[in-house]
Protein chains: 2
Amino acid sequence: MILTIKDIAKKAGVSISTVSRVLNNKDLVKDETREKVLKVLETVDYIPNYTAKRLRENTISTIGIIVPDISAAFYAEMIKGVENKANEANCGLIVCDSQNDVKKQRSYTRYLYDGRVDGMIFVVPGLDDNELAKINADGLSIIVFGKDTESLGIGSITVDNFNGAYQAVKHLILHGYKRIAYIGGMEAHNDYDHQARMAGYRQAMDDNHLEIADGYIDNGGYTEEGGTSAFARLLKLKNPPDAVFCANDEMALGVLKVAKKNSIKVPEELGLIGFDNIRICQYTSPTLTTVSQPTLTIGTLLGERLIFKLHNKNNNIINTNLVLKPELIVRESCGCYK
Amino acid sequence: MILTIKDIAKKAGVSISTVSRVLNNKDLVKDETREKVLKVLETVDYIPNYTAKRLRENTISTIGIIVPDISAAFYAEMIKGVENKANEANCGLIVCDSQNDVKKQRSYTRYLYDGRVDGMIFVVPGLDDNELAKINADGLSIIVFGKDTESLGIGSITVDNFNGAYQAVKHLILHGYKRIAYIGGMEAHNDYDHQARMAGYRQAMDDNHLEIADGYIDNGGYTEEGGTSAFARLLKLKNPPDAVFCANDEMALGVLKVAKKNSIKVPEELGLIGFDNIRICQYTSPTLTTVSQPTLTIGTLLGERLIFKLHNKNNNIINTNLVLKPELIVRESCGCYK
DNA sequence: ATACATTATGGTAACGTTTTAATAAATACA
DNA sequence: TGTATTTATTAAAACGTTACCATAATGTAT
């Protein structure tokens, strides 16, 4: 038998309103009455109907997050950060996996948008500015990771990809590598990670007066297989690279695989640096040098900021872009220990 | 401006009941009227208030899942399977990370239980039978992974851990290893995985007339560090093992680390098999032989069965335990390619 | 034409909560 | 003691939907 506030009121011999006030720790209730109600609550197993509460309060106390791939360590860790914060705020978290598909991302957006959440987190949105702006205008609190949306009045967090890439490539150069290639992400104009990392690569090469040979910029779509085929193409060039910087670790794993197959020694004959610092980097041989993004921190910050927004709807102080610094994690594949 | 069904009714010149019927594709509405309503719906941006709908229908169309660690690949993949199915059923998914802590698991249970979900999935529950039975009795649909709860009238999915362990150990024996040790999980009586895998190990040793030396059964708590220290202890025995079977891959990684540090050659001087087939197994050197659990399939099945239950509350056909067969994935660490 | 089904529509209660406004009780002040 | 003020309590409206029941419109058989 499921009890309602009405049952409690009857049992305690008070009105519904009084029980409600006790439940919500409101003042204006005599200690004596409060005790009476609390005593009843102790003896029975009453669970408030949150749906009714939400209908009345016009809130959902749930947030949503849409990530490209829930089973990728990078995003799983980020979700964990968000989850912690949401939980602290007694707020549910609905996780959606868009499977790297903008269409699916759009349909999930719609799904969440249909009154299922108070706010949502877009991780690397494929949606364009107009779409994001519209959702924001509709009063749903949103926050974005992976794209600077400050100009749209939407808070966001980004990692300084340019700087991370620059550090990585500069590091390779310091080790004496000269023919450095870049394997990027999606080629699409809305792949901001790719664009910024490529720019960092270019700048580092340029600052050190190194030439980027024809074909040295290739794409692997962020997957291991993509990295495999991209590096295979690079090897076929008449003057193959002596080092590769990859826009993520997955692709670096692909490169490593091909290098092993072709008996190319890493780092002796090929320098290699990835991006993201996924856990596998520690276990490959050689271990993978990479650029680390503080995923858990990012998740925590995303959660924190969204929840702040939820509670301060009209405070725009947080609708700004926060840039986090990535960090070069030196391991074996860059040549530091050869 | 947020529209309600009332606004639509007014605009279409019909009653709210009619609009409701159109929205829910009920019959008993004339084509002409339906058209009229649909036309209005096309021109405006009406989003039904799901909270109200749920209050009225006494449903939440949301399920919850509690996993020990969201950022562990094993569970992330499982969640992905659940997520797919939930989404197909137009059902939200709330993910909770209990951080391997029974207390947290309990508080999350309470959190979800408080009218936030229609049903929930317990992945490797630390809760005891009484607790589970109580939740089940309260009419919340639940399903469990990692523990056979059929006798409680709760549907569950388990992997045949005994068989998986048996296969693994037998495989080691076939390669000629004789002094085989086992590194288990939690030692606790409610760590069913551990119990079953240990039993499989014992049986395989017994069937092949091999002795389990003193100290050959140790525990590592499923973490890499745990594996590290457990193997360190094993090495200190006066007759150290020539092979180790670990109750999961994380601990096998720890073993591998210590072996490398002590220049013990795997698989020449030490055979090693793990459990779970996490992705890292493919990248270590040597690559790790392991027992694979079909995580994605498990997730899919969990989602499917829970949603079936939601729609068929009184159908007990599904309150049964489903046993999945694990598969030995042969790689280098077991000695197949030495 | 009348009676009777059948089909279509509308009015309204209900879901369980919070909150506002009204009322009752207690306290303070003159 | 009586009035004004504060404090405590309650009744009832509201949140937006669905579903039951009543009524109206239409169709069919006598």
Side-chain angles (χ1 to χ4, degrees), chain A residues 1-41 44-62 90 92 113-118 138-139, chain B residues 1-41 44-62 90 113-118 138-140:
Chain A
M1 177 54 192
I2 210 148
L3 299 174
T4 72
I5 199 172
K6 215 166 160 181
D7 301 312
I8 306 298
K10 196 182 288 172
K11 273 189 213 291
V14 299
S15 75
I16 300 183
S17 337
T18 303
V19 177
S20 174
R21 271 195 293 271
V22 172
L23 286 170
N24 295 288
N25 290 313
K26 294 272 170 73
D27 46 0
L28 281 180
V29 37
K30 220 196 318 187
D31 285 352
E32 195 185 316
T33 323
R34 167 166 282 134
E35 285 306 321
K36 205 162 56 175
V37 174
L38 287 176
K39 192 158 281 171
V40 172
L41 285 171
V44 300
D45 194 18
Y46 166 69
I47 296 173
N49 182 318
Y50 279 76
T51 308
K53 186 181 185 124
R54 284 169 208 148
L55 174 60
R56 178 59 231 231
E57 293 184 336
N58 196 27
T59 173
I60 329 235
S61 51
T62 302
N90 221 268
Y113 185 70
D114 277 358
R116 263 183 191 90
V117 296
D118 297 309
D138 280 350
Chain B
M1 178 52 195
I2 211 148
L3 299 174
T4 72
I5 200 172
K6 216 166 162 181
D7 301 311
I8 306 299
K10 197 182 286 170
K11 273 189 213 291
V14 298
S15 74
I16 40 177
S17 329
T18 302
V19 177
S20 173
R21 272 192 289 263
V22 171
L23 286 170
N24 295 286
N25 289 312
K26 295 273 170 75
D27 44 2
L28 281 181
V29 37
K30 221 201 310 193
D31 286 353
E32 197 185 316
T33 325
R34 168 166 280 132
E35 285 307 319
K36 205 160 59 178
V37 175
L38 287 175
K39 194 158 280 168
V40 172
L41 286 171
V44 301
D45 195 18
Y46 166 69
I47 296 175
N49 182 316
Y50 279 78
T51 307
K53 185 177 184 130
R54 282 170 209 145
L55 174 59
R56 178 60 230 228
E57 294 184 333
N58 196 27
T59 174
I60 328 231
S61 51
T62 303
N90 222 268
Y113 185 68
D114 278 358
R116 249 169 264 263
V117 296
D118 297 308
D138 280 351
L140 206 66

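All chains are named by letter (A, B, ...) in the order of the sequence lines, taking the proteins before the strands, and each is independently numbered beginning at 1.
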Write down the distance between [atom1] ([X]) and [atom2] ([N]), rounded to a whole number of angstrom.
X: B:K53; N: D:dT17; atom1: NZ; atom2: C1'; result: 8 Å
X: B:L55; N: D:dT18; atom1: CG; atom2: P; result: 11 Å
X: B:K6; N: D:dT17; atom1: NZ; atom2: P; result: 11 Å
X: A:K36; N: D:dA8; atom1: NZ; atom2: P; result: 14 Å
X: A:L28; N: D:dT10; atom1: CG; atom2: P; result: 13 Å

- Indicate yes or no: at least one non-hydrogen side-chain atom of A:V117 is less than 4.5 angstrom from one of A:I60. no
- Note on the structure: Separation between CG (A:N58) and CD1 (B:I2), nearest 0.5 Å, reads 7.0 Å
- Note on the structure: Rounded to the nearest 0.5 angstrom, the CG-CG distance for A:D45 and A:L41 is 10.5 Å
- Item | For B:D7 against B:L3, the heavy-atom pair lying closest together | OD2-CA, 3.4 Å
- Item | Closest contact, heavy atoms only, B:R34 versus B:K26 | NH2-O, 2.6 Å
- What bend angle does the helix from C:dA1-D:dT30 to C:dA30-D:dT1 show across its length, from five-pair end axes and to the nearest 10 degrees? 50°
- Letter per nucleotide, 5' to 3', of nucleotides 19-28 of chain D [B base touched, S only sugar-phosphate touched, - untouched; heavy atoms, 4.0 Å]: B---------
Look at [X] and [N] and indicate whether a side-chain polar atom (N or O) is within less than 4.0 Å of OP1 or OP2.
X: B:T4; N: D:dG16; answer: no
X: B:Y50; N: D:dC15; answer: no
X: B:T51; N: D:dG16; answer: no

- Item | side-chain hydrogen bond (donor to acceptor under 3.5 Å, both in side chains) contacts touching residues 46-55 of chain A (sequence neighbours left out) | A:N24-A:K53
- Those residues that, when tested against A:D31, pass salt bridge (charged side-chain N to carboxylate O under 4.0 Å, His left out) (two or more places apart): none
- Using a cut-off of 4.0 Å on non-hydrogen atoms, how would the nucleic acid contact of B:N58 be classed: base, sugar-phosphate, or nothing? nothing
- Could you tell me whether A:T18 contacts a base, only the sugar-phosphate backbone, or nothing, with contacts defined as non-hydrogen atoms closer than 4.0 Å? base
- Item | The single option from B:V40, B:L23, B:V22 passing side-chain contact (heavy atoms from CB on, under 4.5 Å) against B:I8 | B:V40
- Closer to the 5' end of DNA chain C via nearest nucleotide, is it A:N49 or B:V14? B:V14
With a 3.5 Å cut-off and sequence neighbours excluded, list the donor-acceptor pairs that the side chains of residues 11-21 of chain A form with protein atoms.
residue, atom, partner, partner atom, Å
A:S15, OG, A:S17, N, 3.4
A:S15, OG, A:T18, N, 3.3
A:S15, OG, A:T18, OG1, 3.2

- Note on the structure: Footprint ends on DNA chain C, 5' to 3', for atoms under 4.0 angstrom from a heavy atom of chain B, come out as C:dT7 to C:dG16
